[in-house]
*Asks:* 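Here it is, the structure in full.
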Amino acid sequence: RDYSTRAKPPNLGILAYRIHVPDLAGYERRIRANGVQPLAPTRCLRLPPYGTVVAFVVRSPDGAWLEFFEQRDCSAVASG
């Protein structure tokens, strides 16, 4: 979702931050090994300008959503 229209005062702070990673499954394993649980199952979506991606989201200690994604075919992943 595009929240750019809300990215102005008084809506201060970071709502979400997307991070492109080359090995999403490996990254998710490392995050879980450190005791962090994703907010929802890994899902497939279209993310302009990247196209089809697989992604998962965790919440930072201060509440911001951190979304990690990898560009790839989603045929084996449920669509979100």
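Fair warning: this is a prediction, and the values are worked out from it, not measured in the lab. Every heavy atom of this structure was used, including side-chain atoms; hydrogens, water molecules and symmetry mates were not.
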*Asks:* Does the side chain of Gln71 pick up a donor-acceptor pair with the side chain of Thr52 at under 3.5 Å?
*Replies:*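 There is no such pair between these side chains.
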*Asks:* So do Glu28 and Thr42 actually touch side chain to side chain, heavy atoms under 4.5 Å?
*Replies:*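 The answer is yes; the side chains approach within 4.5 Å.
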*Asks:* Parallel, tilted or perpendicular: which describes the rings of Tyr50 and Phe69, with under 30° parallel and over 60° perpendicular?
*Replies:*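 Answer is tilted, since the angle falls between 30° and 60°.
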*Asks:* Taking atom OH of Tyr17 and atom CD of Glu67, what is their separation to the nearest 0.5 Å?
*Replies:*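 Those atoms lie 12.5 Å apart.
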*Asks:* Please examine the side chains of Leu47 and Arg18, heavy atoms only from C-beta on, and report whether any two atoms are closer than 4.5 Å.
*Replies:*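 When only atoms from C-beta onward are counted, Leu47 and Arg18 do touch, with a gap below 4.5 Å.
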*Asks:* Would you mind reporting whether Arg59 and Trp65 have side-chain heavy atoms less than 4.5 Å apart?
*Replies:*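 The answer is yes; the side chains approach within 4.5 Å.
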*Asks:* Taking Val21's backbone N and O only, do any of them form a donor-acceptor pair with Glu70's side chain (distance below 3.5 Å, no angle check)?
*Replies:*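 Looks like no, no N/O pair under 3.5 Å.
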*Asks:* Are side-chain heavy atoms of Leu66 and Val57 found at a separation under 4.5 Å?
*Replies:*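 The answer is no, as the side chains (C-beta and beyond) never meet within the 4.5 Å cut-off.
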*Asks:* Is there a side-chain contact between Phe68 and Val58, using heavy atoms and a 4.5 Å cut-off?
*Replies:*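 Yes, close enough: below the 4.5 Å cut-off.
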*Asks:* What I'd like to find out is whether the side chain of Pro38 reaches to under 4.5 Å of the side chain of Arg32, using heavy atoms alone.
*Replies:*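 Yes; the side chains approach each other to less than 4.5 Å.
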